[in-house]
Amino acid sequence: MAVSVDEAVSTGPAPDHTPAARRLGGRGRSGLEVALLIVLAVVMLFPVLWMIETSIKDNRDVYAIPAKFFGFNVTMDHFRDVFVAPGGGRSALSVAFLNSVVVAGVSTLLATVLGVPAAWAYSRFSVRAKKDQLFFILSTRFMPPVVVVVPIFLMYRQVGLIDSKIGLILIYAAFNVPFTIWMMKGFVDEVPAEYEDAAMLDGYTRLQAFWRYTLPLLVPGIAATAVFALIFSWNEFVFAIFLTSSDDVRTAPPAIAGLIGGTTTDWGLVAAASVVFALPVLVFAYLVRKHLVAGVTLGAVRR
Amino acid sequence: MGTVAAQGLCKSFGKVQALDGVTLDVPDGSFFVVLGPSGAGKTTTLRAIAGLEKLDSGSVHLDGRDATGDAPAARDLAMVFQSYALYPRHTVYENIASPLRARRRSSSEIAAAIEQMSSLLHIERLLQRRPAQLSGGEMQRVALARALVRSPRAFLMDEPLTNLDLKLRVEMRTELTRIHRSLGATFVYVTNDQVEALSMADQVAVLKEGKVQQVGTPTEVYERPANQWVAGFVGSPPISLLACRAEGDCLVGAGGWTLPRPRWTTAEDGRALMLGLRAEDLSVEQRGDASLSGELYGLEPLGDRTVVDVLVGTEILKVKARPTVTGAPGERLLVTVDLDRAHLFDAGTGLSLSEAGR
Ligand SMILES: Nc1ncnc2c1ncn2[C@@H]1O[C@H](COP(=O)(O)OP(=O)(O)O)[C@@H](O)[C@H]1O
Ligand SMILES: [Mg+2]
C-alpha cells in the first residue's frame with residue numbers, strides 16, 4: 001500500500017490537544033481507580049506477555065515447575081521451527097502463513113475492487129430503494145459465521161470448492177464486500193460530487209471523472225477499509241477450519257490450533273507461531289488506530 | 001453560435017418541486033441573468049442545462065438542436081460552480097488544463113492557452129499552487145479561468161461572486177462584463193443579487209419557487225415588474241406596498257388615506273389593490289399634487305442618500321431623501337407621490353395592472 005501511516009489514518013489537522021492528565025480524568029484520580037486499572041491491565045496483558053516469554057524460552061524452562069518468570073534461557077529455536085521443518089526445508093506452519101497471506105490479500109483485493117465502485121454508486125446515484133438495499137447488504141453481516149458454515153460447507157462440496165484457497169478467498173470476499181461498501185460509502189459521501197460534475201463539463205465521461213478526480217481522494221479511506229478487511233480475513237477461524245483440511249491449503253489460525261492436542265504439545269512452537277501470527281495484526285491495527293477507537297462510526301471521518 | 005433554450009423544465013426532489021415548468025430563451029452572445037432568492041431553483045436550472053440533472057420533463061435545445069438526453073461532455077458547455085469545485089489535489093495549472101486535456105490538446109497548446117488566461121485573470125503567480133492555498137477571490141478567478149480556457153457554446157455561471165467580499169465583488173462585476181464583451185460569448189449567469197442582475201444583464205429572468213416570474217431587460221424588470229413579488233424582490237430599498245382600492249377618482253387606502261386615481265388604471269371600483277411605490281418616486285422634501293401624510297418612523301443614512309421610513313396608517317413607506325435630511329421620530333410629515341411612476345397590483349393574484357394604460 002503506497003500510503004503512509006499518517007495519510008491512511010489522517011482525519012484532518014485536528015490533533016488532540018487535551019493535556020494527558022485531563023484526558024485521564026485529572027490528577028484527582030483515586031488510588032482505588034489506579035489499583036483497579038493496574039489489575040485490569042495485568043489481566044489483559046498477562047497472556048500476551050506469557051506468549052512472548054514462552055516463545056523465547058528454551059524447552060526445559062517452558063515446562064519448568066514452578067514456572068519461571070525471569071532468569072530463563074533465551075532461545076530463538078521456536079521461531080526457527082515455525083519456518084523450517086525438522087528435517088530442513090519448509091515447515092507446514094510456514095506454508096500455512098503463506099496461505100494466510102495469499103487468502104487474506106486476494107480476498108481483500110477482491111472486496112476492495114468490488115466494494116469501492118459499489119460504494120461510489122450508492123453514494124452518487126439515486127438507486128431505487130437505496131436504504132433497503134444498503135440494509136440488506138449489511139444484514140449479511142448480522143449472522144455469526146458459524147450459523148452459515150454448514151450450508152456453505154454443503155454447497156462448497158457440491159461445486160468442488162471444499163479445501164481450496166479459492167473457496168476461502170470467495171467466502172472472505174463475500175463477507176468483506178458489505179463491510180467495504182458501508183465504510184467506503186462514508187468516505188465517498190465526504191468527497192463533494194461537484195468534482196465529478198466539473199470534470200464531466202470539462203469533457204470527461206462519468207467513469208473518467210471518478211477515476212481522475214474522486215478516486216485519488218479516496219485512497220486514504222480505501223487503505224483504512226482494506227486494513228480492516230485484511231485483519232478480518234487474517235484472523236478468520238471458523239470457515240477456515242470447516243472448509244479446509246490439507247496442509248497446503250490451510251491458513252494459519254487452524255494450523256496453529258492444530259498444534260495443540262496431540263499426546264504432547266510443543267508450547268514453545270505454539271507461542272512462537274502465535275507471535276508471528278499476531279504481529280501483522282498489531283502493525284495494521286496500529287495503522288488504523290484512530291478508526292478503531294472511533295468504533296468505525298460511519299461518517300466520522302471529517303475532512 | 002451559442003443559443004440555449006430550455007423548454008418547460010420540471011424537476012422534483014422528493015416532495016420539493018425544484019423546477020416547475022422553467023422556460024428560458026437565451027440568445028446568442030447575450031449576458032443572460034437568472035435572478036431569484038435562495039432555493040428558487042437557479043442551480044437546478046443551470047445543472048439541467050448542463051446535463052447534470054435528470055429532468056422529470058422538459059427539453060434543452062443547444063444551438064437549435066435537441067440536447068436533452070446528451071451527456072454533459074457532449075454539450076460543449078463550461079460551468080463555474082457556486083462552490084468553484086476546483087480539484088483539490090491538482091495545481092491551479094492542472095485545474096485550468098483539465099478541459100483541454102479532456103480534449104487531448106497538445107501540451108504546447110495547453111501552455112499557450114493557460115498563459116493567455118492567466119494574464120487575462122491576473123493569476124500568473126498562482127499557477128503552481130493548490131486550491132487550498134488560494135483566497136476566495138483567487139479561487140473564483142481560477143474557476144473562471146478553467147471555464148474560459150476553451151471556447152464552449154455557452155458559459156454557465158452559478159453565483160460566482162456571492163462568496164466574495166463587497167469590494168472584490170464590485171471589481172469582478174466590471175471584469176466579467178468586460179470579458180463577456182471581449183469574447184462575445186453566451187453567458188447564463190445565476191445570482192440572487194438584484195444589483196448584480198441589473199448592472200450586468202442584457203436580459204433577466206426572475207425565478208421564484210421553480211417558476212419564471214418575468215423575463216426582460218433590467219429596465220423592464222425594474223420599471224414594469226410583472227407582479228407584486230418581482231416588484232418587491234428587485235430594487236433597493238425595497239418597493240413600499242400599500243393596500244387600497246379604487247373608488248371613483250380616488251384610491252382609498254386601507255389606512256384611511258386617499259390619493260387621486262392614476263389616469264392609467266383600468267381597475268374597476270371596489271377591487272382590492274396593492275399600490276407599489278419606489279423610494280425614488282416618493283419625496284419628503286418636495287411638494288406636489290398627490291401626497292400622503294404620516295409620521296417619521298426612522299432614518300437610515302446611506303452616505304450618498306438617506307432612506308426615510310414614514311409610518312402611514314399601519315404601513316411603512318420607504319422614501320429616498322438627500323443625506324442632509326433630519327427629523328425626530330414621531331414628527332408629522334407629508335410624502336409627495338409621483339403617481340405616474342406608481343405601480344398597481346391585484347391584491348389577490350399579485351399581477352400588475354399598470355401595463356394596460358401605459
Ligand atoms: N440534490 C437535491 N436533493 C434534494 N433537494 C434539492 C436538491 N437540489 C436542490 N434541491 C431543492 O430544490 C430547491 C431548489 O434548489 P436550488 O436549485 O439549489 O436553488 P437555488 O440555487 O436557487 O438556491 C431547493 O428547495 C432545494 O432544497
Ligand atoms: Mg444555488
Side-chain angles (χ1 to χ4, degrees), chain A residues 1-4 6-8 10-15 116 120-134 187-224 301-303, chain B residues 11-14 43-44 46-54 56 70-90 94-105 110 130-132 139 142-150 152-158:
Chain A
M1 234 162 291
V3 182
S4 70
D6 273 355
E7 216 178 333
S10 172
T11 53
V116 170
W120 173 68
Y122 276 115
S123 173
R124 291 290 189 257
F125 298 102
S126 56
V127 180
R128 192 176 302 170
K130 185 191 282 189
K131 280 195 180 139
D132 300 322
Q133 288 193 25
L134 283 169
F187 284 105
V188 181
D189 285 345
E190 294 291 320
V191 176
E194 282 196 342
Y195 297 146
E196 282 164 41
D197 295 341
M200 286 193 285
L201 278 152
D202 284 350
Y204 294 105
T205 65
R206 189 174 266 285
L207 277 179
Q208 286 172 325
F210 168 70
W211 186 258
R212 284 183 71 97
Y213 292 118
T214 303
L215 197 59
L217 296 173
L218 292 176
V219 167
I222 293 174
V301 188
R302 294 264 167 259
R303 268 164 307 118
Chain B
K11 172 76 191 176
S12 59
F13 297 102
T43 298
T44 311
L46 272 199
R47 291 175 57 85
I49 293 172
L52 297 172
E53 213 75 70
K54 200 168 178 303
D56 299 339
D70 289 2
R75 299 190 184 208
D76 191 20
L77 300 166
M79 182 156 169
V80 178
F81 289 80
Q82 191 166 355
S83 63
Y84 307 140
L86 299 178
Y87 311 124
R89 287 286 198 86
H90 294 70
E94 280 307 316
N95 265 281
I96 303 174
S98 176
L100 302 176
R101 292 212 192 287
R103 288 174 171 69
R104 305 196 176 280
R105 299 286 161 75
I110 292 175
R130 281 172 210 283
M139 280 197 260
V142 174
L144 217 51
R146 185 174 64 185
L148 295 169
V149 74
R150 61 192 194 91
R153 198 173 258 148
F155 295 95
L156 311 177
M157 306 202 172
D158 193 358

Practice task
Determine whether B:V80 and B:F155 make a side-chain contact, defined as any pair of heavy atoms from C-beta on separated by less than 4.5 Å.
Solution key: no
Fill in the blank from the handout: Of the listed B:A50, B:S83, B:A74, B:A147, the one with the largest count of heavy-atom pairs under 4.5 Å with chain A is B:S83
Problem - Top of B:P152, B:A71, B:P88 for chain A proximity - count of heavy-atom pairs under 4.5 angstrom - result: B:P88
Practice task
Nearest 0.5 Å please: distance from the CG atom of A:D197 over to the CZ atom of B:R47.
Solution key: 4.5 Å
Problem - Donor-acceptor contact below 3.5 Å, side chain B:N95 vs main chain B:A143 - result: no
Handout entry: Engaged part of B:L52 at the chain A interface, taking heavy atoms whose separation is under 4.5 Å
Key = side chain
Problem - A:Q133 (side chain) donor-acceptor with A:R128 (main chain) under 3.5 angstrom - result: yes
Problem - From CD (B:E94) to CD1 (B:I96), nearest 0.5 Å - result: 10.0 Å
Completion exercise
Applying a strict 4.5 Å limit to non-hydrogen atoms, the region of B:L100 in contact with chain A is neither
Practice task
Apply salt bridge (Lys or Arg N to Asp or Glu O under 4.0 Å) to B:D70 and list each qualifying residue two or more places apart in sequence or on a separate chain.
Solution key: B:R65
Completion exercise
Those residues of residues 199-207 of chain A that come under 4.5 Å of chain B on a heavy-atom basis, listed by number, are A:A199, A:M200, A:L201, A:D202, A:G203, A:Y204
Handout entry: A:V191 side chain near A:W120 side chain, heavy-atom distance below 4.5 Å
Key = no
Exercise for the section: Identify which part of B:R101 has an atom lying under 4.5 Å from any heavy atom of chain A, answering side chain, backbone, both or neither. Expected result: both
Exercise for the section: Keeping the roles fixed (side chain from B:R89, backbone from A:P216), state whether a donor-acceptor pair exists under 3.5 Å. Expected result: yes
